[in-house]
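Encoded as structure tokens, the structure appears first; notes follow it.
To find a chain, count down the sequence lines: A is the first, B the second, and so on, and within it residues start at 1. What's counted below: heavy atoms across the whole structure, side chains too, no hydrogens, waters or symmetry copies.
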Amino acid sequence: MVRVTLPDGSKLEIANGTTAKQLAEKIGPGLARAAIAAKINGQLADLSTPITADATIQIITLTEAEGLEILRHSCAHIMAEAVCSIWPAAKLVYGPTVEDGFYYDIDLDEPISPSDFERIEKKMYEIAKADKPFIRKERSRSEALTKLASDRYKTDNINRTDSDVISFYSHGDGFEDLCRGPHLPSTGKVVAFKIMSVAGAYWHGDPTQKMLQRVYGTAWPTKKELDAYLQRLEEAKKRDHRVLGKQLDLFSFNEAGPGFAFIHPKGMIVWNAIVEFWRGVHNKYGYEEIKTPIILNEQLWHKSGHWDNYKENMYFTRFDDTAYAIKPMNCPGGCLVYKTRQHSYREFPMRVAELGLVHRHEASGVMHGLFRVRQFTQDDAHIFCTPEQIKPEIIGVIELAFEIYRAFGFEDFHIELSTKPAKHIGSDEIWDISTSALKDALKHKEIEHKINEGDGAFYGPKIDFHIRDCLKRSWQLGTIQLDFSMPQRFELVYTDKDNTEKTPVMIHRAILGSFERFIGILIEHYGGNLPLWLSPEQVVVLPISEKSNDYAKIVEKKLRDAQLRVGCDLSDEKIDAKIAKAHSRKPPYMLVVGPKESQSGTVNVRIRGDKKTKTVEVDKFIAMANRKIAEKKVGLTLED
RNA sequence: GCUGCUGUAGCUCAGUCGGUAGAGCGCGUCCUUGGUAAGGACGAGGUCAUGGGUUCAAAUCCCAUCAGCAGCUCCA
């Protein structure tokens, strides 16, 4: 007999060798039906695993995250069998679970296309319906290597594990795959899945290796959950900033300039609203602003180190027999401004901001709407200071960043620290000093952070700010980068207290990162429903009929005089059509006006996302709207 | 950059077996003046991404280029 402890703390005596499945049956028939795996002493295992010693055991069902993962992993195996049965030449490489699904990397020369998904799924349903048991078979390492000697991928997988026992899983019909497991008891538990996409993926993520075909799928405990997931994807698609940017007429792209965004009038309203706010906050934090040229002599970029470290991403041009580069970063320009006169320690810290337009030639396959472009405006700044000022300055930047993020409604952000990369300039000592300065500042603010070893910029370590949008996707925004090298390369100096010339420390930092990307993130975060202060069209006046057009024009003028961004629909459509048309532009407020309103000097307010309307005096509405704008309120509810 | 897919009206998309192109929305004109999510009629709008090739004939088949999409690798 062995003693098992269940999650609720209760203990049970069972015969030695009882399987987890039998244990589940003992606990209850409901649990036995729902059981798909077990966690024995914290280790996931198949339901068929015999219990041979005292243990803490949890029966895993599909309601647990681990259960869902097992389901998806088993589904990946079923897909693998289906693919192998359709293309016998297919060689399986690696098939893990990912968030919301799974994929399997397959080496097959014939391309798998979306039109093949249906027959793969059909085959998968056959396998699932047959309800074949997943059977684990263990072999010794040498036995396994012998068995799979002809399979370079599986041999590689075995060589990458350190376990002496190598397990295989089969589910009948001779299909067997090397796998750590655990798996579902049988294929019949898989009822709701879908092949989502296929894309290339390098073996081991190494571009010098063969490109494999990665088939993505998703699997859920029930059809209903699968449908809900697909529905969620549809909703997410509607929030895509590339779709909304077109629909709301904010920006566009053109073949004439791949990766270069065209910002439309409405997009510029959002842009300028952000800039205005940004300037205000930076002024408060003691920044001054400069603007430096976009095109600068190539020699400058040799001096800065960009030529050696960033050339592949730079645009170059040539005229009057002179080579020029189009700036990918603002720092060299900033250094030249610094050098135009002498500086004293008394001026420090000098916080010099620049909304700098930079060009970076990104690889063609990485462009993605406004999120990844080849030309963008950085909200850059360079802080020149003494070594003692590093820590307080970094703390200041962190506070500034948080203040700005919160104003845009982002509360969920996290920070990552990146250290010295293989390709770098500057001595190890300098890197150590600057890395610990960043760590100290984070420690002081008690900010949790992830560390990315070797991920820093070539000139110094950095802190990155990442935010999550409402779909929980993470995007990098700001960055703080310490730089001891650039000031030396540019021979920047200041006169210290002791009347000697010293090299200042330079801190590069951006808060929003790129205006283009940030606007894209805002659009997705709000699903196009921008807060009042950012909305291109804040209010739209809709007369009931032509008879109320004059009153509508009066209201429109009043709102415009009060600095509100207002539109007015004087077309000969019915009010329903006017509302529907305005709706697609997502204005925060629609003001319906007819004879009633014109008599009482009121407007009937229809708030975005709310069908209930409320009649208020025009002046009251204006005061309310302007108050919300001033306070950057996200909510639109009319309060008195 | 790599792999796969896609490119037809301003937008979203149809277009069968190769026989010179269609819808809805939008746009214009007219009718309609309607109280909270799309009233009606008529009309304009296309070098079917670009360049080659096959064919009596190409939006359709083939090749190349460009761009976009998904992912990988990058980048931050």
Cation-pi, A:F102 ring and A:R72 (6.0 angstrom, 45 degrees) =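 Here A:R72 fails the 6.0 Å and 45° test against A:F102.
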Just compare [options] and give me whichever is closest to any side-chain atom of [X].
X	options	answer
A:E546	B:U36, B:G4, B:U33	B:U33
A:V366	B:C72, B:G34, B:G35	B:C72
A:P258	B:C2, B:G68, B:G35	B:G68
A:D572	B:U12, B:G35, B:C31	B:C31
A:Y310	B:C75, B:A67, B:G34	B:C75
A:R606	B:A38, B:U36, B:A67	B:U36
A:A577	B:C5, B:C72, B:G39	B:G39
A:Y202	B:C5, B:C2, B:C75	B:C2
A:M211	B:C72, B:A70, B:U33	B:C72
A:E255	B:C66, B:G68, B:U73	B:C66

Ignoring backbone atoms, test whether [X] places a side-chain nitrogen or oxygen under 4.0 Å from the OP1 or OP2 oxygen of [N].
X	N	result
A:S197	B:G71	no
A:H368	B:G71	no
A:K547	B:G34	yes
A:R242	B:C69	yes
A:K612	B:U36	no

Most 5' of A:S584 and A:P543 on RNA chain B, judged by nearest nucleotide =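 Closer to the 5' end of RNA chain B: A:P543.
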Between A:K246 and A:G478, who's closer to the 5' end of RNA chain B by nearest nucleotide?
->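 This one resolves to A:K246.
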Mind checking if [X] touches a base, just sugar-phosphate, or nothing, with heavy atoms under 4.0 Å?
X	result
A:A580	base
A:N313	nothing
A:G205	sugar-phosphate
A:I575	sugar-phosphate
A:Q481	sugar-phosphate
A:T479	nothing
A:Q247	nothing

Which value, in whole Å, describes the distance between the [atom1] atoms of nucleotides [N] and [M]?
N	M	atom1	result
B:G71	B:C62	P	27 Å
B:C27	B:C72	P	40 Å
B:U16	B:C56	P	23 Å
B:U8	B:U50	C1'	14 Å
B:A67	B:C48	C1'	16 Å
B:G52	B:C11	C1'	31 Å
B:G43	B:A49	C1'	28 Å
B:C25	B:G68	C1'	23 Å

Is there a donor and acceptor pair, one atom on the side chain of A:E110 and one on the base of B:G4, closer than 3.5 Å?
->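 Result: no qualifying N/O pair found.
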Has the side chain of A:N604 got a donor or acceptor atom sitting under 3.5 Å from an opposite partner on the base of B:U36?
->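 Such a pair exists between side chain and base.
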Determine the stems involving RNA chain B; a stem requires 3 or more consecutive pairs of the Watson-Crick or G-U wobble kind, each with both distances below 3.5 Å, and the answer is none if no such run exists.
->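 Stems (3+ consecutive pairs) listed as B:1-7 with B:66-72, B:10-13 with B:22-25, B:27-31 with B:39-43, B:49-53 with B:61-65.
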[X] [atom1] to [N] [atom2], straight-line distance once rounded to whole Å:
X	N	atom1	atom2	result
A:H306	B:C75	NE2	P	14 Å
A:D569	B:G26	CG	P	12 Å
A:L591	B:G35	CG	P	19 Å
A:R372	B:C74	CZ	P	11 Å
A:Y216	B:C5	OH	P	17 Å
A:F371	B:G71	CZ	P	13 Å
A:L108	B:G4	CG	C1'	12 Å
A:L542	B:U33	CG	P	20 Å

A:S113: what forms a side-chain contact (heavy atoms from CB on, under 4.5 Å) with it, not counting sequence neighbours?
->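 Counting only residues at least two positions away or on another chain, A:S113 forms a side-chain contact (heavy atoms from CB on, under 4.5 Å) with A:S115, A:D116.
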Roughly how far apart are A:L512 CG and A:R517 CZ, rounded to 0.5 Å?
->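 Separation between the atoms: 11.5 Å.
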Salt-bridge contact [X]-[Y] (side-chain N to carboxylate O under 4.0 Å):
X	Y	value
A:D107	A:R152	no
A:E235	A:K238	yes
A:E416	A:K462	no

Got a sec: does the OH of A:Y310 have more than 12 other heavy atoms crowding it under 6.0 Å?
->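 Count over threshold, so yes.
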So with a 6.0 Å cut-off around CD of A:E411, is the heavy-atom count from everything else above 12?
->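 Yes, because the 6.0 Å sphere around CD of A:E411 holds more than 12 heavy atoms from other groups.
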Side chain to side chain, A:V541 and A:M590, heavy atoms closer than 4.5 Å |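 Not in contact.
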Any side-chain heavy atom of A:N330 within less than 4.5 Å of one from A:H382?
->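 Yes, close enough: below the 4.5 Å cut-off.
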How far apart are the C-alpha atoms of A:E399 and A:K445, what are their side-chain angles, what is the distance that settles it, and do they pass the salt bridge (Lys or Arg N to Asp or Glu O under 4.0 Å) test?
-> CA-CA 9 Å; A:E399 283 167 357; A:K445 293 294 290 178; 2.7 Å; yes
